[in-house]
Amino acid sequence: MRNKVLEALCEDGIFLAPEAADFVLNQDNPLSYVRTAIDGMPQLPLVITLQDLRDVFCEKGDPRICPSTAAPEPRKLMRGEVKVLKDITGNSTCEGNIIDFARYFNDRFQTIKRILARRRELVGCVSIPKALTLDREVKFIGLVNEVRITKNGHKMIEIEDEEGKCPALILKSSSLIDESVIQDEVIGIIGKTSKKGEMIIVEEIVRPDVPITGGMAPSDSTSTVAFISDIHVGSNTFLRDRWLKMIRWVRTEGPAMGLNYIVIPGDCVDGIGIYPDQEEELEIEDVFEQYHALAELMKDVPDGIQVVMQPGNHDAVRLAEPQPALPDEIIKMFDSSVLMVGNPCYLQIEGRTILSYHGRSMDDLVNSVQGLSYNLPLEAMKEMLKRRHMASLYGGKTPLAPEKKDYLVIDTVPDIFVTGHVHSAGIAEYRGIRLINASTWQDQTSFQRMHNFNPDPAKVPLVHLGTGKCMIKDFN
Ligand code: D5M
Ligand code: FE
Ligand code: ZN
């Protein structure tokens, strides 16, 4: 309907500004509304704005056809220059039964298989049952069911595709023996079928990975995005002084650097009942009061800055990922410059694609990929990109919801990939993608002290959308 009306007007050389279009399309008969308006105009403007409509109609004092001077209601998932490209919010269908899980993993398999099948190394790949019948080099793509070390020290991978499954063995003597293969990741395998045709001896593992590119080509954008994660409002270790210092900086230095966007990748508040004895470390014990306090803090962010807020594992939505945006009763507490999105979420800001993910799965990655640790979140992010998936492992610390489509697949290659969660701050680049880990505004908790976890708080990574340049501003 929307497009038809706008097309019909366009054919008559009539163009509407976005706000005017929204208003017109809400009229009973949009076409006749616009034509009546034009009849009342001294001349047809190049683009009809809301003010043009007001000039014609408002004198008549008819509220039905007179656009009010108040700003129009923002559309739910689109505001200003921020476009939501992919988000579970409003699209969740899962009930969590066995059929859902089969469908979910099938979608993961098919989506990542499509990426892998384009890899030169995998040209000529066959199904697993077919591979087992061939006595030459075979190539296939599968989802890893299980990984274990055999009693002789080889690595056994049980791998499955839509037609069957087989054991694939990495020999102890192979250079691949230290390769971390994660349960539920989708990989390509090149190898040889054993003589009896019951298993494949792995010679090469092919990951979907992201292509090597030069990254963000300079654009004419003059905007900067700030990434501010893990605020943890409500915790008695919330670093209020440093937060206020940061907001003062945003107000005074922001305009000169074109600071027009703030992205918050989760753990906006501390929540309740998230870890043992948390209540002893809470300054605000009611989660809604925590969001109220956050909303108050956010009021000091200048109006022109578009804020994008995403939930994390401390926020008041389902824990299972993908997490939808915070509920309406919380959204209502914030003013309209705060756009609530799900976790993860693909955003487009001034032509740049940003993938924002809280990063819970890093708790699993540090246990399943050799060489990773909480001190190396940017390396963990590279592991996600290599696997084109943010949370491969099912059944670990990261709960997954079996949606129809796997929202955790990295099907689009972003310009910027941001995570929070591990309370450290860092910037790196991987194959042209800017990697950002967005610090925290919470000091070390006693729970974290007990686990010897040392945060790196009160830092703000910044990315210039035009040049792609990154820096970290330190508020300690
Ligand atoms: O998580 C903040 C960080 O706290 C998380 O990235 C690692 C650390 N953390 C949380 N639980 C544990 C355990 N059990 N062991 C070691 N480190 C941990 P947040 O989501 O803010 O609570
Ligand atoms: Fe956190
Ligand atoms: Zn977290």
Side-chain angles (χ1 to χ4, degrees), residues 227-240 242-243 263-284 287 290-291 293-294 297 309-326 341-345 356-369 372-381 383-384 390-391 393 395-400 408 417-426 435-461:
F227 296 94
I228 294 174
S229 192
D230 292 76
I231 311 174
H232 288 270
V233 173
S235 161
N236 64 17
T237 50
F238 169 57
L239 296 164
R240 186 177 303 275
R242 280 173 246 190
W243 173 271
V263 174
I264 303 176
D267 286 358
C268 308
V269 300
D270 208 47
I272 47 168
I274 310 290
Y275 59 85
D277 299 326
Q278 186 191 13
E279 56 286 357
E280 285 162 29
E281 303 193 37
L282 286 180
E283 183 183 82
I284 307 172
V287 72
Q290 295 178 358
Y291 284 105
L294 174 62
L297 292 173
M309 204 179 271
Q310 179 174 57
N313 53 305
H314 282 250
D315 284 287
V317 283
R318 79 168 185 206
L319 254 189
E321 296 177 8
Q323 297 178 285
L326 290 166
V341 300
N343 170 43
C345 180
S356 187
Y357 172 52
H358 178 60
R360 179 78 200 259
S361 68
M362 287 194 269
D363 293 339
D364 291 316
L365 279 168
V366 296
N367 291 322
S368 47
V369 175
L372 279 191
S373 71
Y374 277 119
N375 301 328
L376 300 169
L378 300 161
E379 294 303 314
M381 294 168 76
E383 297 297 327
M384 297 180 204
M390 287 170 263
L393 182 81
K397 291 183 181 169
T398 314
L400 298 178
L408 290 142
F417 180 23
V418 59
T419 60
H421 188 57
V422 291
H423 296 199
S424 71
L435 307 181
I436 307 284
N437 189 243
S439 188
T440 178
W441 299 84
Q442 181 182 41
D443 209 350
Q444 191 186 45
T445 64
S446 54
F447 178 76
Q448 290 168 351
R449 200 171 312 122
M450 200 169 73
H451 287 94
N452 198 22
F453 179 84
N454 296 299
D456 185 12
K459 293 183 173 175
V460 177

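Here the structure is a predicted model, which means the values were calculated and not measured. For ligands, and for the atoms within them, numbers begin at 1 and follow the listed sequence.
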*So how far is it from R360 CZ to H314 NE2, rounded to the nearest 0.5 Å?*
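It comes to 8.0 Å.
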Between atom CD1 of I231 and atom CE of M309, what is the distance when rounded to the nearest 0.5 Å?
->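 It comes to 6.0 Å.
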*asked:* Among all protein heavy atoms in this structure, tell me which lies nearest to atom 17 (N) of ligand 1, with the distance rounded to 0.1 Å.
replied: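 Its nearest protein heavy-atom neighbour is Y374 CE1, 3.7 Å.
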- prompt: For atom 10 (C) of ligand 1, which protein heavy atom lies nearest, and how many Å away is it?
  reply: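 Checking every protein heavy atom, the shortest distance to atom 10 (C) of ligand 1 gives F447 CE2, 3.9 Å.
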Point to revise | N/O separation below 3.5 Å, K397 to ligand 1 | key: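 For ligand 1, there is no N or O atom that lies under 3.5 Å from one belonging to K397.
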If you measure every N or O of H314 against every N or O of ligand 1, does any of those distances drop under 3.5 Å?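 H314 vs ligand 1: N/O contact under 3.5 Å present.
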Residue portion contacting ligand 1 (non-hydrogen atoms closer than 4.0 Å) for [X]:
X: Q442; result: neither
X: H421; result: both
X: D267; result: side chain

For [X], counting its heavy atoms only, list the atoms of ligand 1 lying under 4.0 Å from any of them.
X: N313; result: 20 (O)
X: Q448; result: 2 (C), 4 (O)
X: V422; result: 6 (O)
X: H232; result: 21 (O)
X: H451; result: 13 (C), 14 (N), 15 (N), 16 (C)

So do the side chains of [X] and [Y] get within less than 4.5 Å of each other, counting heavy atoms only?
X: I228; Y: W243; answer: yes
X: Y374; Y: D363; answer: yes
X: H423; Y: Q444; answer: no

Does any N or O in the side chain of [X] come within less than 3.5 Å of the main-chain N or O of [Y], such that one atom is a donor and the other an acceptor?
X: D315; Y: L326; answer: no
X: E281; Y: T445; answer: no
X: Q290; Y: L282; answer: no
X: D230; Y: D267; answer: no
X: D270; Y: V233; answer: no
X: Q323; Y: G312; answer: yes

**Asked** When you measure from the Zn ion (ligand 3) to each N, O or S atom of H421, which atom gives the shortest distance?
**Response**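 Relative to the Zn ion (ligand 3), the closest nitrogen, oxygen or sulfur of H421 carries the name ND1.
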Find, among atoms of D267 that are N, O or S, the one nearest to the Zn ion (ligand 3), and state its name.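 Distance check against the Zn ion (ligand 3) picks out OD2 in D267.
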Item checked: the Fe ion (ligand 2) contact by H232, N, O or S atom under 2.8 Å ->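 Yes.
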**Report entry** Backbone or side-chain N/O/S of H314 under 2.8 Å of the Fe ion (ligand 2)
**Finding:**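 No, outside the cut-off.
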- Query: For L378, which of T419, V422, I436, L435 qualifies under side chain to side chain contact (heavy atoms under 4.5 Å, CB included)?
  - Reply: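 Testing L378 for a side chain to side chain contact (heavy atoms under 4.5 Å, CB included) against T419, V422, I436, L435 leaves exactly one candidate, L435.
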Check your understanding: Counting backbone and side-chain atoms alike, does H358 have an N/O/S atom under 2.8 Å from the Zn ion (ligand 3)?
Key ->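 It does: H358 brings an N, O or S atom closer than 2.8 Å to the Zn ion (ligand 3).
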Does any N, O or S atom of H314, backbone or side chain, fall under 2.8 Å from the Zn ion (ligand 3)?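 Short answer: no, not a single N, O or S atom is under the cut-off.
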Q.
Please state which option from H423, M450, M362 has its nearest heavy atom closest to atom 21 (O) of ligand 1.
A.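 Residue with the shortest heavy-atom distance to the ligand atom: H423.
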Degrees at the Fe ion (ligand 2) between the OD2 atom of D230 and the OD2 atom of D267, nearest 10°: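 An angle of 90° at the metal.
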